[in-house]
Structure formats: structure tokens, C-alpha cells
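Have a look at the structure below before the remarks.
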Amino acid sequence: MKDKKLTKVDLIFENDGTCATTVLDKVRAMAQDDVIMEMIDSGLKGRGGAGFPTGLKWKFTKAENSFDKYIVCNADEGEPGTFKDREILDTVPEKVFVGMTIAGYSVGAKIGYLYIRAEYNFLLKKLNQKLDAFNVKIKDKGFDFTIEIRSGAGAYICGEESALFESIEGKRGEPRNKPPYPTVAGLFGKPTAINNVETLVYATMIMKYGAASFKLMGTQDSRGSKVFSVSGDTPNAGIYELELGMTVEDFVNDFGDGDTKAVQVGGASGICVPRKKFADMIIGYEGVPTGGSMMLFNSTRSMYNVLKDYLEFFAEESCGQCTPCRIGCQQLLQGIEAVKRGEKHPSYLDSLKKLAETMKLSAKCGLGQSVANPFSSIVDNFREEIIY
Amino acid sequence: MAKYEVNLKINNIPVTVEEGSTILDAAKKLNFRVPTLCQHPDLCVAGNCRVCVVEQKGAKALPAACATPVSEGMEIFTNSQKVRTARTHIIELLLSEHNSECTSCYKNGKCELQALANEYRVNENLFIKLVDKNTYTIDNFSPAIIKDDSKCIRCQRCVRTCASMQFVSALAVSHKGDKQKISTFFDKSMNDVVCTNCGQCVNRCPTGALVEKNYIDQVWDAVNNPKIHVVVQTAPSVRIGLGEDLGLEPGNRVTGKMVSALKRIGFDSVLDTDFSADLTIMEEGTELLTRLKKALVDKDETVALPMTTSCSPGWIKFIEHKYPSLLPNVSTCKSPQQMFGALAKTFYAQKKGLKVENMISVSIMPCTAKKYEADRPEMRSSGFKDVDYVLTTRELAMMIRQAGICFEDLPNEKYDSIMGESSGAAVIFGATGGVMEAALRTAYEIVTGREVPFANLDIVPVRGFEGIKEAKVLIKDVLPEWGFLEGAELSCAIAHGLANANKLMAAVVSGEVNYHFIEIMACPGGCLGGGGQPIPTSPEIRAKRMEAIYEEDANMAIRKSHENPEITAIYAEFLGKPNGHKSHELLHTHYVKRKGY
């Protein structure tokens with residue numbers, strides 16, 4: 001099981017200058033279904049965190065019978081502790097555009113939107129310049145596809161795909177009911193393939209090097225490599241592309257400061273892995289899935305403060321639409337505060353864990369459903385820190 | 001496209017439904033009631049409250065029954081332990097956010113959240129009371145609607161009603177997370193924004209967050225004061241709705257019992273808004289014919305056509321905000337309520353020898369916007385406030401209960417005189433298309449000397465629930481003085497619900513359509529679906545109320561406004577002629593341009 005070690009990779013940020021041209025020419029010469037087959041074969045799963053197989057998403061979108069289809073690149077990188085997409089957009093934006101073009105070509109979409117979070121607006125000038133040239137370039141190469149950029153307004157929830165669509169459509173960013181899924185009725189009610197920035201760059205690289213070489217990396221469930229945003233108590237904070245399949249221990253050995261007591265994998269909505277589980281926990285879909293955020297905490301950190309911080313974030317960033325998320329987040333936050341102050345018995349934490357479970361089962365979207373991840377993993381593993 | 005059938009199981013019982021149905025529909029078919037809060041038969045699906053979550057075999061999460069379409073082979077459990085735990089949690093969460101001082105709440109006993117809490121016997125103290133930790137505003141500046149945010153459960157029924165049904169969007173969601181709330185433009189009072197006071201949000205609010213401003217105590221004070229002469233008028237739709245709030249099934253006509261109850265409560269004189277509805281037909285019909293004459297004979301291009309009705313105060317406020325340039329098109333006639341009010345404190349007072357300062361004029365309306373209308377500064381033609389207090393159908397039901405009157409067993413009594421006589425044409429004012437039908441019955445006969453060419457006077461094309469209806473009436477063989485109308489085809493349109501009204505007016509503005517006369521009612525189905533009518537409301541309930549209205553019409557001895565003897569008398573004794581000097585003084589008004597937000 002534990003056969004992978006920490007291996008650094010250089011795919012995403014590899015920049016030989018000719019990548020866009022060669023990949024686009026190659027894709028243009030392929031049949032749409034062959035591109036999709038290549039993606040399915042690669043085993044690439046969405047790098048935003050949810051991990052839906054990218055090739056299947058494209059296949060479903062292509063299968064829909066609609067004149068209008070859309071590609072959306074989700075660059076609303078709002079998860080606390082994640083900052084890899086910013087770097088990608090800053091250094092290799094053309095590879096993102098190429099990925100969108102490949103997606104557009106294979107599903108039959110004519111328009112692609114790059115939805116970028118408001119906090120990244122400082123990138124807009126540069127991105128737009130590159131994009132103008134790129135749009136001309138793909139027209140010359142015979143792609144009937146245009147990319148436009150849309151900027152968010154600062155809400156975390158707009159990283160949720162259907163809330164993101166609402167936002168592009170000019171409405172309040174609130175998640176929609178599913179089904180229908182985006183591949184059937186997404187942006188403007190039309191079939192839409194929505195992918196994370198990093199996923200689209202991997203699509204580009206898979207088309208460049210082929211699915212077979214991508215598959216060589218990673219594990220059965222987690223193929224390839226992944227870009228990690230490393231932060232917290234580490235001497236090596238920054239962005240690293242690593243092969244999937246290592247354990248948290250492998251990771252901590254390289255990135256920890258020697259005193260790591262916990263790693264929050266996957267950002268605020270991810271899972272907190274305590275030291276005792278480092279050795280067994282694989283970073284990937286067979287263990288702890290992640291959108292790329294790795295936050296390391298050493299023994300000087302209060303996990304109560306960490307959890308409280310996350311819950312304050314969720315209580316504020318819930319869209320407020322559904323009951324479990326809007327009120328549940330507030331109850332979890334006020335609940336641990338009350339336990340800390342001694343106003344509630346420590347056993348109240350168990351009631352709160354049940355509430356978190358209800359949120360996981362009944363919230364309308366991924367935000368509310370995932371609050372239970374940090375809550376239960378921190379309360380279970382650091383109960384004494386929450387109470388005393 | 002043919003609909004496919006989908007087979008699924010709910011609580012192990014197989015059921016077959018049409019594709020596109022929701023789990024909720026399928027459960028209903030098997031007589032399993034899944035509790036809901038944000039769902040409403042008049043509104044689009046929201047899936048917000050999550051009270052209706054159910055368990056789906058093989059699925060990790062619990063889908064919301066109201067928002068999840070059925071699929072082949074689905075196995076659903078509506079009451080598994082997993083579901084019960086989640087559902088109870090959700091109800092408890094809502095209660096933690098809700099000001100549950102039920103005993104002092106206006107909606108006590110009629111609150112859907114209270115009913116649900118009662119049904120699930122929740123442990124209300126499980127979670128921390130969030131409502132105590134925040135400050136909330138109670139907006140009671142509007143004369144019609146009170147909005148209390150501490151009771152709001154954010155189901156967004158009101159938001160969907162205001163946006164999709166009424167195209168007003170006075171209420172919208174603002175802020176996010178713990179600060180999320182239902183708010184108005186820049187958090188202004190409902191009185192200072194585009195709100196039309198239609199009260200459709202009140203009809204659909206599951207809790208006491210949106211209620212009508214009630215004037216029950218003021219009315220009790222008046223009826224219990226022997227020095228005050230209290231007249232009360234009852235709108236057409238009250239008599240077919242009131243029973244629902246007093247234990248009767250929808251569609252019961254309770255005119256006689258209602259009159260009887262009002263007399264027992266102690267009103268000095270129980271009169272009928274239907275009388276002034278007949279009067280409206282005389283005034284409005286004459287106004288239309290005058291406008292047509294100016295346009296066709298005098299070639300006066302300044303005449304505003306199409307002319308629209310003006311009975312619905314929600315519609316008046318809507319057009320003032322959204323189409324101020326079209327205000328000249330609105331009939332200058334006051335609504336029947338205000339015509340009645342103006343006459344009660346002039347004509348009626350004179351006839352009865354009353355001092356107007358010792359009079360209180362009350363109206364019972366299916367409407368919340370009428371409360372606002374009565375407060376308008378224009379509505380003081382008698383020198384006093386023409387209508388002092390407006391009560392909704394619901395408030396009257398509350399008064400009847402407070403008075404300890406056993407409504408079902410009351411005898412049928414007749415309206416007092418004068419201003420208590422009416423025609424069937426007036427009763428149908430309560431249904432969409434009714435004003436049009438009443439106007440046509442009279443105008444056609446005035447112009448041609450013959451009855452409208454429809455069997456039994458029932459102008460069927462203008463009836464029913466279609467959002468926008470059209471009718472054309474060919475006018476021929478006219479009386480000599482109406483020669484200019486010979487061969488003309490009168491083109492009419494009818495809309496109910498402000499979203500439909502907006503669609504129609506947009507088409508009028510763009511020149512896409514050409515009409516002479518347009519009837520608009522702000523509420524779905526017309527006044528019978530008004531914001532002051534009993535709760536709940538649904539298309540089925542409104543259909544029953546509509547049936548009752550047309551039954552009432554069919555059973556009236558007089559079916560045409562101009563044949564109401566009291567109408568003939570008031571013109572002879574007091575008003576002179578329709579649209580005459582006195583009429584203009586008392587029965588007509590003007591409108592105000594307002595901002596679009």
C-alpha cells in the first residue's frame with residue numbers, strides 16, 4: 001500500500017514556450033471522442049478538491065444535445081490555505097487557456113468563461129493581454145472557440161460550481177439544486193463543463209505527453225501529480241508539485257519543522273490529520289483527498305483557535321440559503337465557545353458532532369456538507385484542547 | 001413530448017409517476033406527507049429549508065424531496081431514523097434562529113413552523129438561542145404590512161412571490177452567512193420602497209415575519225363607543241373567502257352569515273362595497289366611452305388609450321413606480337372602497353342626519369393594499385379620512401372569533417340600506433375579468449340598447465385563470481347618440497398578478513398590442529386571491545373561490561350595474577350624472593409618479 005514516496009514533479013510550471021502551439025495542433029488533428037478517451041484513460045480527477053473524473057465530465061457534456069454549451073474555468077480559489085491557482089495563472093496562463101480550448105473542442109462548446117475571484121483582479125490586466133492574443137491564435141488554428149474572463153465579487157460560495165454560474169449570470173451567488181448537474185444544465189441553463197484551473201493545465205499536459213505517461217505517476221485511485229499550497233509551521237512554505245500517493249508522514253518529513261502535531265489537508269473544509277495518523281494516511285482519494293492546501297501546525301498552536309477560526313469563516317461565508325449550513329455553522333461556532341467558557345457541558349461537543357453529521361447529510365451544497373470534516377476531525381483528535 | 005413513467009418505491013411501497021415529478025409528488029400520491037416549509041404550490045422550487053429531506057437508498061446525502069426529481073428504481077424512505085434525526089435537527093436549528101414567543105405572536109396557531117415544532121415535539125433548548133444574540137428590526141412603518149426579521153426563517157417564499165409572481169422585487173435576499181436576511185432596497189422601510197402592499201408575501205409567509213398591520217382594536221373601540229356611528233362595507237371577495245378562516249371549506253358563500261356577524265359585533269350599519277362597485281361601472285364605463293368619443297370623433301390625440309382600470313390599489317402603486325409615464329392611461333375613478341368611503345361621509349351622512357365627526361367608516365377587504373390606499377392623502381374628499389380603518393378578511397374572522405360568535409350557525413341577514421343594494425355585476429369584481437365583464441354588460445347596453453350577446457349574460461371569454469386574457473366585442477346597430485361607435489370593435493385585455501400586468505404593459509408600451517380597455521388586478525385570480533384573504537392559498541383554493549363568485553352572481557336578482565335601483569337613485573338625488581361635477585369631486589382621483597426602487 002505504501003509504495004510511493006515524496007517525489008517532486010515539474011509538469012504544471014514547465015514552460016518550454018512551444019507547448020500551446022504543439023498541443024493545439026495535435027488536438028485539432030484528433031477526433032473529439034479521441035480527446036475525451038485520452039482524458040478518461042489518463043485517470044485525471046478534478047483538482048479543485050471534489051475529484052470528479054475529468055474525462056467523464058467532458059463525455060457527459062458532449063453527449064448533451066444542445067447548440068449552446070459552455071466551458072467554465074473555475075479560478076475562484078477561495079479555500080483558506082490554497083494559493084496554487086494564482087501562481088498558475090500568473091506564470092503559465094496560456095496553458096490554462098489551452099486546456100479550456102481542448103475542453104471546448106472536445107465537448108463542442110464555443111465559449112469559455114474564466115471566472116476569477118475578485119482578490120485576483122490584479123492579474124486581470126496581464127491575463128487579458130495574453131488572452132486577446134490567444135483568442136486570435138486559436139481562431140487562426142481553426143478552433144471555433146472564444147474565452148472571456150469574468151470576475152467574482154468576493155464570496156467564497158461562488159467557488160461552488162452552480163453558485164458560480166449564478167454569479168456569471170449576474171445573480172446572487174447561491175448554489176442550485178442538483179440534479180440537474182452542470183453537464184446537463186449549467187451556465188445559462190446549458191450543458192457546461194466546469195473545471196478547476198489546475199485540472200485544465202493537466203489536460204494540456206496530458207495532451208502533450210499522452211495519458212500513458214501521466215498514468216505512470218500516482219496510484220490506482222489517484223493518478224498523476226498535484227500542486228500543493230504549503231503553509232503554516234513549515235520552513236518551506238510555498239507551492240510544490242508532488243506525485244500523488246505519498247503519506248502525510250512522507251510529506252511532513254520533508255515540509256515539517258520537526259514539531260508538527262497536525263496537518264490540515266484540503267483547506268478549512270478539509271480533514272485535520274493528527275500526528276498519530278501521519279504514517280497511515282495517504283494523500284489522495286484513497287486517504288485524504290485535497291484541493292491542494294496543506295496547513296501544518298506545530299505544538300505551539302491551539303487547535304481550539306484553529307477550529308474557531310475555520311468556523312468563523314464558514315459562519316460568515318455560508319450563502320445563508322439553506323438551514324443546516326446557515327444556522328448550523330453558527331451553532332457549531334457558538335457551541336465550542338460555550339463549551340470553552342464552561343457554559344455548556346463538554347458532552348455538548350457530542351451533540352454538536354451529531355449536528356455536523358446532519359449538516360453533512362442535509363446541506364444543499366458542498367460548503368455546508370464539508371463543515372463536518374474539520375469539525376469532527378479536530379474535535380475527535382483534540383477534544384481536550386477544545387474543552388480546556 | 002410524451003412523458004415517460006417512472007417507477008420507484010417509497011417506504012417500500014411501489015409507485016409510478018410521470019418523469020419530472022419530484023419525490024414529494026410521489027410521496028403525496030401514496031398519501032405520505034413529507035413536511036415542507038419553503039415549498040409552496042404557487043412558487044418555483046427552492047430547496048432551502050431542508051425540512052423535507054428523505055433518505056435515498058445508495059445515496060450518501062439526504063436529498064430534499066421537494067427539489068429532487070424521481071428516477072427509475074429509486075428507493076426512498078421518508079421516515080427512517082436518519083431522516084428523523086436530520087429533520088428534527090433542522091427544525092431545532094430554525095427555532096434557535098426564530099423568535100418563538102408564540103403566545104404573543106399574531107400568527108399564533110397559524111404558524112407553519114409552530115405546527116412542525118409541535119408535530120415533532122422538538123427539544124427547543126438543544127441549541128443556543130441565536131435570536132437572543134442578535135438585534136433585529138421590526139418594520140412597522142407601512143400602513144399595510146409589518147415585517148419582523150426576528151421571526152423570519154429565510155425560506156424565501158416572500159422573495160420568490162415578490163419577484164416571480166409580482167415582478168416587484170421589493171423584498172430580496174441581502175448579505176450572507178450569519179448576517180443573511182430578507183431585505184429591501186438599502187434596508188429601507190417597506191413603506192419607502194417599490195412595495196405595492198399587495199400582501200402576497202403575507203399570504204405565503206409560513207411564520208409571523210410578514211403580517212398585515214391589524215386595526216382590530218381600533219375597530220372594537222369604535223363599535224363599543226355609543227357616541228360613534230360605525231358604518232362597515234364589505235368587499236365582493238370577502239363573502240366567498242371568510243368561511244375558510246372560520247372552519248368552512250373553500251368555496252362557501254357566506255354573505256348572509258357575514259352580514260349577521262357584523263351586526264352582532266355591533267356595527268351600526270352593515271353596507272356593501274358592491275354598491276360602489278356598481279357605481280364604479282357607471283363612472284368608469286362613462287369615462288371609457290368619453291375617451292373613445294374624444295379619440296374617434298374629436299380626433300383628440302392627447303386622449304390616453306388604452307384606459308386601464310383603477311380598482312386595485314396594488315396595481316396603482318405598481319404603475320406609479322414602474323410605468324409613471326402611463327399614469328394618464330389609468331382611469332381616474334377611485335376604487336369602490338374609496339368611492340364608498342367618500343359617499344358614506346357625505347351622501348349617507350346627510351340622508352341619515354349624522355354628524356360626520358361622529359362617524360367611523362370601516363371596510364372589510366380581501367386586500368392589504370387597501371390599508372395603504374385608505375391612508376393616501378388624496379382619499380379625503382369628504383373633508384375627513386374617507387375610510388378610517390381597513391380590515392382584511394382574516395382580521396374580520398379574528399373579530400368574529402373574539403366576539404364569541406358561532407359563525408356556522410348564524411342566520412342569513414340582509415345588508416342595511418342605503419348603499420347596501422348591489423348587482424351580480426358588482427360581485428364578480430372579485431374575480432379576474434370581473435370588472436371587464438361588469439363594464440361590458442353595462443356599456444354595451446348603454447350604447448346599443450341591447451343586452452350583451454352572451455347566454456345568460458355570462459361573458460365567458462373574460463373568465464378564468466389564464467394570466468393574460470383578450471376579448472373583442474363588435475359594436476353594431478348602436479343607438480343614434482353613439483353613432484360614432486357603429487361597427488367599432490372594442491378590444492380588451494385582462495391581466496391578474498403583477499408579473500402578468502407587467503408583461504401586458506410592456507407590450508402596450510412597445511406598441512406590440514393595441515387595446516381600448518385593460519383590466520388589471522394585482523393579485524392572482526383577482527381580489528379572491530388577495531393579500532388579505534385566508535391563508536393558505538393555492539391554485540385549487542382560488543379556483544373554488546372563483547366558482548363561488550360566479551355562483552353568487554348567477555343567484556342575484558339584478559345582474560347589471562345600471563339596473564341597481566340605488567344607483568339610479570343616487571344619481572337622481574345626489575350625484576347628477578356619471579362623470580358630472582359632483583362625481584369628479586367625490587369619486588375621482590389623481591396619481592403620483594414614484595421612483596422605480
Side-chain angles (χ1 to χ4, degrees), chain A residues 153-158 163 171-180 184 311-339 343-344 348 351-352 354-370 372, chain B residues 22 37-38 44-55 59-64 66-71 82-98 123 126-131 133-134 153-156 159 163 172-182:
Chain A
Y156 170 71
I157 191 60
C158 288
K171 302 176 198 148
R172 180 182 160 86
E174 285 185 347
R176 300 173 181 168
N177 290 302
K178 292 176 201 174
V184 177
L311 291 173
E312 280 172 351
F313 175 80
F314 287 125
E316 185 178 327
E317 288 298 340
S318 162
C319 76
Q321 181 187 198
C322 81
T323 310
C325 181
R326 178 185 69 249
I327 317 180
C329 290
Q330 295 176 65
Q331 287 293 353
L332 294 181
L333 172 61
Q334 301 220 3
I336 62 161
E337 287 176 335
V339 170
E343 288 165 15
K344 287 271 186 190
Y348 188 57
S351 303
L352 293 178
K354 283 185 195 152
L355 171 61
E357 180 63 19
T358 288
M359 291 168 69
K360 188 175 205 156
L361 291 173
S362 65
K364 189 168 179 174
C365 81
L367 195 169
Q369 289 165 5
S370 62
Chain B
T22 61
L37 278 175
C38 66
C44 65
V45 167
N48 290 342
C49 74
R50 315 306 284 180
V51 164
C52 70
V53 287
V54 291
E55 185 174 348
K60 269 190 286 179
L62 304 175
C66 74
T68 311
V70 292
S71 57
K82 218 170 166 184
V83 170
R84 280 188 56 84
T85 308
R87 195 175 286 157
T88 315
H89 267 145
I90 290 164
I91 299 168
E92 276 161 347
L93 286 175
L94 286 169
L95 289 171
S96 78
E97 195 191 43
H98 175 81
N123 170 9
L126 178 60
F127 296 128
I128 294 165
K129 262 301 206 189
L130 299 172
V131 70
K133 297 180 183 272
N134 294 317
I153 58 166
R154 280 80 155 174
C155 66
Q156 302 189 26
V159 174
V173 184
S174 75
H175 301 81
K176 59 182 160 59
D178 45 3
K179 305 209 168 41
Q180 190 233 35
K181 63 175 186 170
I182 310 305

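Protein chains get the first letters and strands the later ones, always in sequence-line order, with residue 1 at the start of each. Just so it is clear, the values below take in all heavy atoms, side chains as well, and ignore hydrogens, waters and symmetry mates.
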*Is there a donor-acceptor pair under 3.5 Å between the side chain of A:Glu317 and the backbone N or O of B:Gly177?*
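Not a single qualifying donor-acceptor pair exists.
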Measure across [X] and [Y] and return the closest heavy-atom pair with its distance rounded to 0.1 Å.
X	Y	value
B:His175	A:Arg172	O-NH2, 2.7 Å
A:Asn177	B:Ala46	ND2-O, 3.0 Å
A:Thr323	B:Cys49	OG1-O, 2.9 Å
A:Lys344	B:Leu126	NZ-O, 3.9 Å
A:Cys319	B:Gln180	O-CG, 3.8 Å
B:Ile128	A:Tyr348	N-OH, 3.9 Å

Closest-packed option against chain B by number of heavy-atom pairs under 4.5 Å, given [options]:
options	result
A:Cys329, A:Ser351, A:Gly320	A:Gly320
A:Pro175, A:Ala338, A:Ala363	A:Ala363
A:Gln369, A:Gln334, A:Arg176	A:Gln334
A:Cys325, A:Ala315, A:Gly335	A:Ala315

*Stepwise side chain to side chain contact (heavy atoms under 4.5 Å, CB included) check, A:Glu174 with B:Val173*: CA-CA 10 Å; A:Glu174 285 185 347; B:Val173 184; 4.0 Å; yes
_With a 6.0 Å cut-off (strictly less than), is the heavy-atom count around CD of A:Glu316, excluding the residue itself, greater than 12?_
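Check fails, neighbour count at 12 or below.
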With a 4.5 angstrom heavy-atom cut-off, could you sort out which part of [X] is near chain A: side chain, backbone, both or neither?
X	value
B:Leu37	neither
B:Lys60	backbone
B:Ser174	backbone

Any side-chain heavy-atom pair from [X] and [Y] closer than 4.5 angstrom?
X	Y	value
B:Phe127	A:Ile327	no
A:Pro324	B:Ile90	yes
B:Lys176	A:Ile157	no

*Side chain, backbone, both or neither: which part of A:Phe314 has a non-hydrogen atom closer than 4.5 Å to chain B?*
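Contact with chain B involves no heavy atom of A:Phe314 at all.
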_With rounding to the nearest 0.5 angstrom, report the NZ to OG1 distance, A:Lys354 to B:Thr88._
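Going from NZ on A:Lys354 over to OG1 on B:Thr88, the span is 12.0 Å.
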*asked:* Would you compute the distance between atom CE of A:Met359 and atom CZ of B:Arg50 and round it to the nearest 0.5 angstrom?
replied: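 The CE atom of A:Met359 sits 12.5 Å away from the CZ atom of B:Arg50.
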With a 4.5 Å cut-off on heavy-atom pairs, point out which of [options] contacts chain A the most.
options	result
B:Lys179, B:Arg87, B:Gln156	B:Gln156
B:Leu93, B:Leu94, B:Leu62, B:Val45	B:Leu93
B:Glu55, B:Glu97, B:Lys133, B:Lys82	B:Glu97

